[in-house]
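Each chain gets a letter, A, B and so on, in the order its sequence line appears, and its residues count up from 1.
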There are 2 protein chains.
Amino acid sequence: MTRIRHKSLACSPGCAVEATLQYIDGKWKGVILYHLLHGTLRFNEIRKRLPNITQRMLTTQLRELEHDGFVLRTVYPEVPPKVEYSLTTRGRTLEPVIMALKKWGDENTAFGQDTPP
Amino acid sequence: MTRIRHKSLACSPGCAVEATLQYIDGKWKGVILYHLLHGTLRFNEIRKRLPNITQRMLTTQLRELEHDGFVLRTVYPEVPPKVEYSLTTRGRTLEPVIMALKKWGDENTAFGQDTPP
DNA sequence: GCCCATAGTATCGGAAATGATACCGTCATG
DNA sequence: CATGACGGTATCATTTCCGATACTATGGGC
């Protein structure tokens, strides 16, 4: 059910590079983590920030991030449901990585913008 | 023929993160770039450093890296063939990204080793 | 009674990424 | 004349990922 990533990983030195990439690949995880760096968000709040993601994708990506220990999922027993997502301590260790990605993207692609809510 | 990556990219702010990831995803590119950071390498030298990659995969990944302007491919008209791969200036701009990935991997996974040739 | 919001699941199908395997050309060596 | 080194291609099968769509539960407001 939960995807079986992080399989063989049989490179030699630069293996650490691959290992890290395995965690943040998946088309949406990078951005999700980026947004969570700025604070706790509810499910639909994340969704608004990722206009093209489907509900299913967001759910699975969040589940994987949770499974990998980067994200904390807090369910409030209310109706309508309320679920908050935030970074764990381990999740925050990815900050330098995410920011390096962001920086490169800003400087080398057509995305130097930041639209505040 | 050449894969059509870098498609929609319709996230809002953290888009730059995704944009960068699109270039270095692909299961092998990260490591390839990492090894090339240390200097020019021939085809089979790279292959030795990535025990599990198939010839086809190495070729396609290198072609994509070349297409994206990160890698320079130099063919020497000799027999047997000799082809060298090195980073372009643009390729070197990825160094902080690669090193951030490497560092995180070293500190947070079971890959704190570096086996010298 | 009916609709809405929230945070999901379930199911299906297609596209894309990766892997396995076999083959190619040329010259040097034995 | 067979073999090996090097840097590939070609073809096919499989795995994996991703998207579209439909469905669910519950309580509050109208």
Side-chain angles (χ1 to χ4, degrees), chain A residues 1-11 18 21-32 36 40-68 71-86, chain B residues 1-11 18 21-32 36 40-68 71-86:
Chain A
M1 179 21 27
T2 309
R3 240 83 60 70
I4 306 110
R5 289 153 174 279
H6 329 313
K7 292 167 286 196
S8 51
L9 271 265
C11 16
E18 267 318 294
L21 275 173
Q22 305 251 351
Y23 286 108
I24 59 179
D25 72 354
K27 177 127 193 234
W28 299 106
K29 292 201 194 158
V31 216
I32 294 174
L36 288 179
T40 298
L41 291 172
R42 295 182 58 175
F43 187 84
N44 275 346
E45 290 175 331
I46 302 179
R47 198 134 79 107
K48 274 177 211 135
R49 284 163 175 75
L50 302 168
N52 289 350
I53 199 172
T54 62
Q55 210 161 20
R56 187 172 101 66
M57 265 298 108
L58 183 52
T59 307
T60 61
Q61 301 285 292
L62 283 169
R63 287 297 192 284
E64 288 187 25
L65 289 170
E66 186 191 7
H67 173 87
D68 289 338
V71 160
L72 181 69
R73 179 164 175 269
T74 314
V75 183
Y76 296 86
E78 304 174 0
V79 162
K82 176 178 175 183
V83 181
E84 282 185 349
Y85 292 92
S86 57
Chain B
M1 170 39 13
T2 308
R3 239 85 59 70
I4 307 111
R5 288 153 175 280
H6 330 311
K7 291 169 286 198
S8 52
L9 271 265
C11 17
E18 267 318 294
L21 276 173
Q22 305 250 351
Y23 286 108
I24 59 178
D25 71 355
K27 178 128 194 234
W28 299 105
K29 292 199 194 160
V31 217
I32 294 174
L36 289 179
T40 297
L41 291 173
R42 296 182 57 176
F43 188 84
N44 275 345
E45 291 176 331
I46 302 178
R47 198 133 79 107
K48 274 176 211 136
R49 285 161 175 77
L50 303 169
N52 290 350
I53 199 172
T54 62
Q55 209 162 20
R56 190 174 99 66
M57 264 298 107
L58 182 51
T59 307
T60 60
Q61 302 284 292
L62 283 170
R63 287 296 193 286
E64 288 186 25
L65 289 171
E66 186 192 6
H67 173 87
D68 289 338
V71 160
L72 181 69
R73 179 165 176 269
T74 314
V75 183
Y76 296 88
E78 304 174 0
V79 162
K82 175 178 175 183
V83 181
E84 283 186 347
Y85 291 93
S86 57

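Computed from coordinates, the Leu62(B) CG to dC6(D) C1' distance equals 14 Å when rounded to whole Å. Rounded to whole angstrom, the span from the CE atom of Met57(B) across to the P atom of dA17(C) amounts to 9 Å. Lys29(B) has its NZ atom 11 Å from the C1' atom of dA17(C), to the nearest Å. Going from atom CD of Glu78(B) over to atom P of dC27(C) covers 13 Å, rounded to whole Å. The distance from atom CD1 of Ile46(B) to atom P of dC6(D) is 14 Å, rounded to the nearest whole Å. Taking atom CD of Glu64(A) as the reference point, atom P of dT16(D) lies 13 Å away to the nearest angstrom. The CG-P distance, from Leu58(A) to dG8(C), rounds to 8 Å in whole Å. The separation between Leu41(B) atom CG and dG7(D) atom P is 11 Å, rounded to whole Å.
The CD atom of Glu18(B) sits 11.5 Å away from the NZ atom of Lys29(A) when rounded to the nearest 0.5 Å. Put simply, CG on Leu36(B) and CG on Leu41(B) are 5.5 Å apart, with the number rounded to the nearest 0.5 Å. Note that CD of Gln55(A) and CZ of Arg47(A) are 4.0 Å apart. Values are rounded to the nearest 0.5 Å.
With a 4.5 Å cut-off on side-chain heavy atoms, Trp28(A) and Asn52(A) count as touching.
Counting distance only, with no hydrogens placed and no angle test, the side-chain atoms of Arg56(A) and the base atoms of dG19(D) include a donor-acceptor pair under 3.5 Å.
Remark: Arg73(B) pairs with Tyr85(B) by the side-chain hydrogen bond (donor to acceptor under 3.5 Å, both in side chains) rule, at least two apart or across chains. Annotation: side-chain hydrogen bond (donor to acceptor under 3.5 Å, both in side chains) contacts of Glu84(A) (sequence neighbours excluded): Tyr76(A).
Between Lys27(B) and the phosphate of dT16(D), there is no side-chain N or O to OP1/OP2 separation shorter than 4.0 Å.
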*With the sugar-phosphate defined as primed atoms, P, OP1 and OP2, and the base as all remaining atoms, what B/S/- string results for nucleotides 2-7 of chain C, 5' to 3', for protein heavy atoms under 4.0 Å?*
---BBB
